[in-house]
Amino acid sequence: MKILYAASEAVPFCKTGGLADVAGSLPAALAAQGADVAVVLPLYQKVKEKFSDQLHFECYDYVDLAWRHSYCGLFSMERDGVTWYFLDNEQYFRRPELYGYMDDGERFGFFSRAVVRMLPHLRFWPEVIHCNDWQTALVPIYLKDDSVREERFRSIRTVLSIHNIEYQGRYGRQTLGDLFGLDHGWADDGTILMDGDVNLLKGAILCADAVNAVSPTYANELKMPYFAHRLDGIMRRCGYKLSGVLNGIDVKRYDPAADPHIAVNYSAADMAGKQADKAELQKLMGLRQEPYVPIVGIVSRLVSHKGLDLVCEVLHDMMELPLQMVILGKGDRKYEEFFQWAAQQYSGRMAVRLDYNEELSMAIYAGADLFLMPSKSEPCGLSQMIAMRYGTVPIVRETGGLKDTVSPYESWRDAGNGFTFANYAGSDMLYVIREAVYLYKDYPDAFARLRARAMACDFSWARSAGEYLHIYSTVTGQPWPPAEEPVRTEESAPAEESAPAEETAPAEETAPAEAAEPASDEPAPQPTAEAAQSSAEPAAEEAAPAAPEKKPAARKRTAAKKPAAKKTAAKSGRRTPAKKETKPKKGTAGKQEPAE
Ligand code: GLC
């Protein structure tokens, strides 16, 4: 299975949030399970500076975005069994930050366009392109648009992961043609239009073959107005292709037994080091050296959906409990000012750092006893998983991935791996914080068992990678794991001769089953019937052209070089027809979903 993973950030190259952690770990986990994986990222200035010695220049080409005709360089690097590609354009990406520029729409419009147009230069022709959030939301749209004219794009299936639906890539209607180079039909049928604006995420949700939220609970929440930022109707409509796959964490990187960033290493079997890390954290943050007072840690962007209003509301009640507090993060001024003021009021018991600091965050994960995440909404959340791995017991609100990863402590049967509350209410949060603090102080053995359960949770990527492979298998109609090689007997030899059919046959066979599957989820027969119909004939027709299809893979090395050299004058439409990539298509031509 050939997967191209397109993202706007990935660890260790560039990071502003959780997406980077996911994009940094999932591809390698997919590769470890046998998939052929490449990742494509913009070549930001930061990446160029830090990794220039490891980057290999592949080629360059020109990419058309509406009337713009721009240079696009292609660099690559091999890492953990994955090919990492970087698309270079200094006008767009040679800037100190990743986002926050007034032309972000154009920058990521270019990036998405380039992902599609640079495909012939990659080492494989992908079967699936997996996109993430609004920055790459145009990829499934461009693929559909190009498929109308160029057959080779019809074989590619798309998966869209939503990490946070709040950010949708909304732009004025006039950007459709002039900026993104799309025909007005995309707006007329409503596919890409929402509340009068161009809405890239909405377009991608409708166009992608599968949509995925980063936790099962978030997938459900996205169908509700409270969480969906006006896209709940679209999400409900696309329920038949929606799934929720919980993120994992990089368990090698986040390992208290080996982490070089923390003062003293420890493991579930020997927790002495954690006590030392606690003393270290207290020293570092100017807190009193009190070994038997639990430290409640917060590592978070200081923004409203992280539930910080609740903390502000009951902070004084919290500080009446025998606890210490550590807060690390930056964000909205009102929270920054409030927490700084509070830290002065409770000096020695509460410490605040308005910063984004990897080193300090690890000191908190290791040194704190409890980890507070009262989010209003949380698509997945990685911090609670990291905290658990370091034996820091989470206190979370039951939303999104927090609900899926933290099960509430039940004293009567000694179960659970943290503390949870359901209502978005300061009093409910305070109630469980009190429960946690007194369990720590009065029942240290029970607390130690709870902590051990948290540490024993498996948040590795292997499980999630398996679920993604299942999604890829559903959209491509290819079985995963791949069907066993048939046992070679004398009689089977001639069968091998007719190999060209071999690729198309399973795809065709599984196509109806795949189409039928979503229908069981929700009575949404329209796409199923249509897809089945339109796929039936072309698929049969194209069984023959499918045979030469393997060639491009073998050819691409050389192909990659030549166009690069003489591409300057060539416009995008001038591809040689010999380059046809044909896979049995399954009714993907054109945009099919009507407007909301
Ligand atoms: C976003 C979400 C966060 C999630 C991360 C990775 O940052 O807000 O909850 O864990 O993406 O998917």
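Read the numbers this way: they start at 1 and go in the same order the structure lists the ligands and their atoms. Basis for what follows: all heavy atoms, side chains included, without hydrogens, waters or symmetry-related copies.
Counting only residues at least two apart or on different chains, no ring pair (Phe, Tyr, Trp, His ring centres under 6.0 Å) pair has a member in residues 216-236.
Judged purely by distance below 3.5 Å, without hydrogens or angles, the side chains of Tyr5 and Asn132 pair a donor atom with an acceptor atom. Ser8 and Tyr99 share a side-chain donor-acceptor pair at under 3.5 Å. Side-chain contact check for Lys241 and Thr474: no donor-acceptor pair (N or O, by modelled atom type) lies under 3.5 Å. Remark: the Tyr390 side chain and the Asp259 side chain contain an N/O donor-acceptor pair separated by less than 3.5 Å.
Residues lining ligand 1 at a heavy-atom distance below 4.0 Å are given as Gly18, Leu19, Val22, His163, Asn164, Val214, Asn247, Glu378, Pro379, Cys380, Gly381, Leu382, ordered by chain and residue number.
The CG atom of Leu246 sits 6.5 Å away from the OG1 atom of Thr405 when rounded to the nearest 0.5 Å.
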